[in-house]
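First the structure, in the form of structure tokens, and then the observations on it.
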Amino acid sequence: MTPFHPGDTVVRREVIRNELWFASPSICVQDDGDLLVTYQPPGSPFAFPDGEFPAGRHPWDLAGHRSWQGHGLLSLHWADVDHAIFVFWTGPERRFTGWYFNLQDAPRRTPIGFDTLDHELDIVWPAGAPAWEWKDVEEFARTGELRYPGRVAEIQAEGDRIAARLDAGERWWDESWATWEPDPSWTAPALPDGWESVPWANR
């Protein structure tokens, strides 16, 4: 599929048990066909489609979250890799908060963006901290088999693989992303018409 160009709208959709669960637009920062980097400006809308959802509605929907807040989210996605790296900033000085290893389905490209599914379990390495730490372990244990039937061990193995690489001193991403700043002209994009009708595939 043709790579996106900087400034293009890229729609992230989450597919759970063959139903659309979540969608939100972001902006392409760069895309070489392998690494897709996106930025979600503050105010980027969240959409929560209707469905049967035997595993429950999206937790952000239940919590009443309807758009991205804060400084925005920079995301690094690699082809065929079951995690992304999220970059966050905080405070008026836009201070880098650390690396966030978001376990999720490898991106499945679509004409409007990509499809994936967040895996709940994460690894975080706060800025200045001596080591990484697990996040949402209890939540993953509670929801894993319902949301990702038959895949819990596989997802945990991906987390363990990330942890082992970090312990070995590996860095497979460019750490200069910590100081990246968005184009000041970029504002929250809208979801394109027909985003929910673009075909998807279940993992």
Side-chain angles (χ1 to χ4, degrees), residues 1 3-8 10-12 14 24-42 44 68-109 113-141 144 148 151-184 186 203:
M1 196 166 289
F4 293 97
H5 299 290
D8 285 352
V10 177
V11 178
R12 173 193 174 105
E14 294 197 15
S24 188
S26 56
I27 297 172
C28 175
V29 176
Q30 72 173 55
D31 184 11
D32 62 12
D34 177 43
L35 173 62
L36 170 62
V37 183
T38 61
Y39 173 66
Q40 199 161 29
S44 299
W68 188 266
Q69 303 299 312
H71 284 287
L73 167 65
L74 186 76
S75 304
L76 315 179
H77 308 271
W78 289 269
D80 303 318
V81 173
D82 284 332
H83 72 266
I85 296 179
F86 290 171
V87 189
F88 299 101
W89 297 268
T90 190
E93 73 282 15
R94 197 170 180 272
R95 177 174 53 84
F96 169 63
T97 64
W99 306 109
Y100 191 107
F101 303 87
N102 194 70
L103 274 67
Q104 61 180 47
D105 286 357
R108 302 185 294 277
R109 297 274 186 144
F114 66 93
D115 293 343
T116 184
L117 177 60
D118 185 271
H119 291 163
E120 190 69 47
L121 184 66
D122 303 303
I123 289 175
V124 295
W125 196 330
W132 56 269
E133 56 194 50
W134 292 105
K135 182 177 182 294
D136 296 332
V137 173
E138 293 180 0
E139 291 83 352
F140 178 64
Y148 329 105
R151 299 184 60 198
V152 168
E154 167 195 331
I155 292 168
Q156 181 65 59
E158 174 68 3
D160 293 341
R161 186 180 74 86
I162 294 169
R165 294 184 71 182
L166 293 174
D167 286 344
E170 293 186 40
R171 302 292 183 270
W172 55 97
W173 70 97
D174 185 344
E175 293 182 288
S176 69
W177 287 113
T179 58
W180 177 86
E181 294 188 9
D183 185 322
W186 285 351
R203 169 72 179 263

Taking C-beta and beyond as the side chain, do Trp89 and Arg94 meet within less than 4.5 Å on heavy atoms? yes
Taking the side chain as every heavy atom from C-beta outward, state whether Glu120 and Leu103 have any atom pair closer than 4.5 Å. no
Close side-chain approach of Trp172 and Arg165, heavy atoms under 4.5 Å: yes
With rounding to the nearest 0.5 angstrom, report the CZ to CD distance, Phe86 to Gln40. 8.5 Å
Check whether more than 12 heavy atoms from other residues, nucleotides or ligands sit under 6.0 Å from atom CG of Asp80, and answer yes or no. no
Report yes or no: do His83 and Asp122 form a side-chain donor-acceptor pair below 3.5 Å? no
Output the distance between atom CH2 (Trp186) and atom OG (Ser26), rounded to the nearest 0.5 Å. 10.0 Å
Test side-chain contact (heavy atoms from CB on, under 4.5 Å) on Asp8 and His5 and set out the steps. CA-CA 6 Å; Asp8 285 352; His5 299 290; 3.5 Å; yes
Could you list the donor-acceptor pairs under 3.5 angstrom formed by side chains in residues 69-76, with sequence neighbours left out?
from, atom 1, to, atom 2, distance (Å)
Gln69, NE2, Ser67, OG, 2.6
His71, NE2, Gly91, O, 2.6

State, with a plain yes or no, whether a side-chain heavy atom of Trp99 is found less than 4.5 Å away from one of Ile85. yes
Charged N to carboxylate O below 4.0 Å: is that the case for Arg161 and Asp82? no
Taking all atoms of both residues into account, what is the closest heavy-atom pair of Val87 and Ala178, and its distance? CG1-CA, 4.4 Å
Would you say the side-chain atoms of Thr116 pair up with the backbone N or O of Glu14, donor to acceptor, closer than 3.5 Å? no
Mind checking whether Trp125 and Leu166 have side chains closer than 4.5 Å, heavy atoms only? yes
Working note: Glu154 + Arg203, criterion salt bridge (charged side-chain N to carboxylate O under 4.0 Å, His left out); need CA distance, chi angles, decisive distance, verdict. CA-CA 13 Å; Glu154 167 195 331; Arg203 169 72 179 263; 3.0 Å; yes
Tell me, do Arg151 and Asp105 make a side-chain contact under 4.5 Å, heavy atoms counted? yes
Looking only at atom types and distance, does a side-chain atom of Asp31 sit under 3.5 Å from a main-chain N or O of Phe4, one as donor and one as acceptor? yes
May I ask you to check whether Trp78 and Trp173 place their ring centres under 6.0 Å from each other? no
Test Gln104 against His77 for side-chain contact (heavy atoms from CB on, under 4.5 Å), laying out the working first. CA-CA 10 Å; Gln104 61 180 47; His77 308 271; 3.3 Å; yes
Throw together a table of side-chain donor-acceptor distances under 3.5 angstrom for residues 130-140, partners on residues two or more places apart or in other chains.
from, atom 1, to, atom 2, distance (Å)
Trp132, NE1, Asp167, OD1, 2.8
Lys135, NZ, Tyr100, OH, 3.4

For Ala79 and Gly33, which heavy atoms make the closest approach, and how far apart are they? CB-O, 4.3 Å
Is the shortest heavy-atom distance from the side chain of Thr179 to the side chain of Phe96 under 4.5 Å? no
Side chain proximity check, Pro41 to Ile27, heavy atoms < 4.5 angstrom: yes
Val37 and Leu35: which non-hydrogen atoms are nearest, and at how many Å? CG2-CG, 3.8 Å
Please report the shortest heavy-atom distance between Val10 and Cys28, naming the atom on each side. CG2-CB, 3.8 Å
